[in-house]
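Reading through the structure tokens given below for one structure.
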Protein chains: 4
Amino acid sequence: MQVKKEGTITGSARRMQIVKATIATIAELGYHQASFARIAERARLSSTRLISYHFDSKDELMSQVIATVHGDLAIYLERRVGGATTAREALDSYIRSTVAYVKEHPAEMRAATEIHHHRRPESPAGSSLLERLLARGRDGGEFAAFDTRVMAMAIHRTLDGLPLLLDASPGTDLDAYADELAALYARATGHAPADTFRR
Amino acid sequence: MQVKKEGTITGSARRMQIVKATIATIAELGYHQASFARIAERARLSSTRLISYHFDSKDELMSQVIATVHGDLAIYLERRVGGATTAREALDSYIRSTVAYVKEHPAEMRAATEIHHHRRPESPAGSSLLERLLARGRDGGEFAAFDTRVMAMAIHRTLDGLPLLLDASPGTDLDAYADELAALYARATGHAPADTFRR
Amino acid sequence: MQVKKEGTITGSARRMQIVKATIATIAELGYHQASFARIAERARLSSTRLISYHFDSKDELMSQVIATVHGDLAIYLERRVGGATTAREALDSYIRSTVAYVKEHPAEMRAATEIHHHRRPESPAGSSLLERLLARGRDGGEFAAFDTRVMAMAIHRTLDGLPLLLDASPGTDLDAYADELAALYARATGHAPADTFRR
Amino acid sequence: MQVKKEGTITGSARRMQIVKATIATIAELGYHQASFARIAERARLSSTRLISYHFDSKDELMSQVIATVHGDLAIYLERRVGGATTAREALDSYIRSTVAYVKEHPAEMRAATEIHHHRRPESPAGSSLLERLLARGRDGGEFAAFDTRVMAMAIHRTLDGLPLLLDASPGTDLDAYADELAALYARATGHAPADTFRR
DNA sequence: GATGAATGAGGATTCATTCAT
DNA sequence: AATGAATGAATCCTCATTCAT
């Protein structure tokens, strides 16, 4: 294949610069407008050649964007969700933290989702933090019996859909959505008295 | 603008033929492979010219595909959901019927979802059947208090995500997913004893 | 694949026009300078798009060039070689006629040879007119015993090498080369008294 | 111009390493796949920069490859052909030795030929060993009268065509081809009783 | 002697669309 | 109603080479 430029400091910095520019471009213009030319323009690169110099292909660039965003989000979540003692608390925190991340990094989230949508359906990432969390709660009796894969899919896709709601009603505060979603999936996972989780 | 070809019989048939070929192409090859050339090939058209003759633009063609599928689904749903007396029954029927539709028309559903994903986030279709149903149940006291827009979004995106689950675990029966999702959103909408809706 | 444009009259004419322009471009600038842009320029086409409209790929265009030239040459040869009664006469005529063709159509010959050289070594065209001619002479006792495949290869490559000689000594008359080569392979095929075929 | 790196020991070794990698790359992938990137990869160089550091241009690299191979072959031939007393023996040895070289160094031969084919027809190398040998035999009366330039071209191109035959019939032994070609050009050069040189 | 980084020109090809019957 | 022909902009990517240590 090709000699990777990840090892060096400057190379790594360039890669990150390009990734950031890609995120900004997709967030603003949408995936299919995010050509190398447009990305290079935003990153103030002398030519698109610099992109293909640092990334094997457009596909690899996009994969890198997703990896970067998901990596960021994972760190963000683990730091916040880690403190929870019960699975129920953890789920509540997971949902609210994700919404908070969307609020703080709307471009990142939107870019990752758009890229994901523009790819052929690949098998999902396997057992995620969320899925493990759900399994723990269900097996420990905190939650009702349900298929964790289905539940995780539902939660993920609902959270990914937040930007759509924001576009539809730009004024709405994301905190309200966080409350709403936390309550929704608190009920959906069952067992606990509903009142506890009503806002 | 251009004179529409919808009025005539043969024109209408041609349009439907092209729409069907578009659905099949997207379902098999994915949206971004679904070029006019590929669609024409599948529809056995002599040239792509026939497509632009019958549709103002690619965008209009894709809109027509979505309109066709959503129209079909709407009829399908109204026929099945209409008989429900309570909002709870209606929601249960809505979810199960949608899954059934996915089962019977996988290509249609996949095409509509892919097209939707490949468009810039436009404002959703406004107050849908689902949203009205949810409002009725909530206002009538059957459901807990929640934002119907958020709940509708969650349900829609979860249902649209079904093909992803099927790709990940091809063997699974869709009937099992229907039970699972019906139960999930029965709990999520609150109030009724959970046991009633467990399978 | 793609709907071919060969059937129609104008399409066929366009294809031939492009083939001719390709031959001229290769003959003058060489294969690797013969880009679509350069060919389109020479053919006075509005854009390179016209080439890819009429040919599936550059490879198909080049194959078409070879097919055209070899088809022309085959007709040329059959008309002249057909009259020979003995295999020896036929061979003599084959060589002289090929040289004559090179003289009359230098660009065609050069283009075909260059294209051939720029492709990965594919298996040759199988039993050619030349090879059959050699087998007839050998089996009939006119020629010595030899491997017809090797002899045919030697003759073909020698004839294809003529343009190289012309470049080296531009002044030389091709008629002299024809005599020389005819005598060379008259001896090489053996048996007949050498003097007969000396010029 | 640029200061050549031929003088130093390590520089010379690097140059040879790159030449060898170029030969291997062309032999395996073909000339037009043999980019600096691909060659550097095969030679395990950290970047293509090392190539342009040691060679003024790609053209110079390719010329060096040809010079290396032809130099090798020349030494090989002189050692074997030198012992011959008559021109006829020398020719026989020349052909057989060249075939032997092809057998022992297929990659080198193929690379040299491909490079040669991919260049614009330049004037040949001038009076070669082969051409001098032919002139000696002809002028001394061993051979018939013929144009040594034409005969040399025929022999060279026939020998260069051997790889094509091998591709067409991979099983065949090169020794058989050596016999066949030696006999062919023994007859082609004339005068001596053909039987002497039949196998 | 060696190398990571950067460069811009040029490559074929795909695309939806318009022209002219 | 249908169609063959034509179009030019845009795509990603590859290339050999130069810059600056």
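Every chain is numbered from 1, with letters handed out A, B, ... down the list of sequences.
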*asked:* Closer than 3.5 angstrom, by distance alone: can the side chain of C:E108 be matched with the main-chain N or O of C:V69 as a donor-acceptor pair?
replied: no
*Counting heavy atoms from C-beta on, name the nucleotide in E:dA12, E:dT3, E:dA6 closest to the side chain of C:S35.*
E:dA12
*B:F36 side chain: which of E:dA6, E:dT17, F:dT17 is closest?*
E:dT17
_Identified side-chain contact (heavy atoms from CB on, under 4.5 Å) counterpart of B:I115 within the set B:L61, B:I66, B:I23_ = B:I66
_Looking only at the side chain of C:K58 (C-beta and beyond, no hydrogens), which of the listed nucleotides E:dA12, F:dT14, E:dT3 gets closest?_
E:dA12
*Once you apply the 3.5 Å cut-off to both distances, tell me the Watson-Crick or G-U wobble partner of F:dT21, or none.*
E:dA2
*Examine F:dA6: is either OP1 or OP2 under 4.0 Å from a nitrogen or oxygen in the side chain of C:R14? Give yes or no.*
yes
*Report the distance from atom NE2 of D:H32 to atom P of E:dG11, rounded to the nearest whole Å.*
15 Å
*Return the 5'-most residue of the pair B:A34, C:Q33 with respect to DNA chain E, ranking by each residue's nearest nucleotide.*
C:Q33
*For atom CZ of A:R38 and atom C1' of F:dA10, their distance in whole Å*: 9 Å
*Integer-rounded Å distance: F:dT14 P and D:E41 CD*: 12 Å
*asked:* Please report the interatomic distance CD(D:E60) to CE(D:M62), rounded to the nearest 0.5 Å.
replied: 11.5 Å
_Note: C:E28-C:R38 ion pair, threshold 4.0 Å (strictly below)_ = no
*C:L50 or A:D59, whichever maps to the more 5' nucleotide of DNA chain F*: C:L50
*Of the candidate nucleotides F:dT3, F:dT17, E:dG8, which contains the atom at the shortest distance from the side chain of A:S47?*
E:dG8
*Whole-Å distance between F:dT17 C1' and D:I51 CD1?*
12 Å
*Nearest 0.5 Å please: distance from the CD1 atom of A:I51 over to the CD atom of A:Q17.*
9.5 Å
*With both distances under 3.5 angstrom, what nucleotide forms a Watson-Crick or G-U wobble pair with F:dT14?*
E:dA9
*Decide if the gap between the ring center of B:H118 and the ring center of A:H118 is smaller than 6.0 angstrom.*
yes
*Rounded to whole angstrom units, what separation is found between the NE2 atom of C:H54 and the C1' atom of E:dA12?*
17 Å
*asked:* Tell me the interatomic distance from A:L61, atom CG, to F:dC13, atom P, rounded to whole angstroms.
replied: 9 Å
*Looking at F:dC13, F:dA1, F:dA6, which one has an atom nearest to any side-chain atom of B:Y53?*
F:dA1
*asked:* It should be established whether A:S52 places a side-chain nitrogen or oxygen under 4.0 Å from OP1 or OP2 of nucleotide F:dC12.
replied: no
*What nucleotide among F:dC13, F:dT17, E:dA6 has an atom nearest to a side-chain atom of A:T48?*
F:dC13
*When the distance from CZ of B:R49 to P of E:dC19 is rounded to whole Å, what number comes out?*
10 Å
*asked:* OP1 or OP2 of E:dT3 versus the side-chain N and O atoms of D:S46: is any pair under 4.0 Å?
replied: yes
*Could you check how far CD1 of A:I18 sits from C1' of F:dC12, rounded to whole Å?*
15 Å
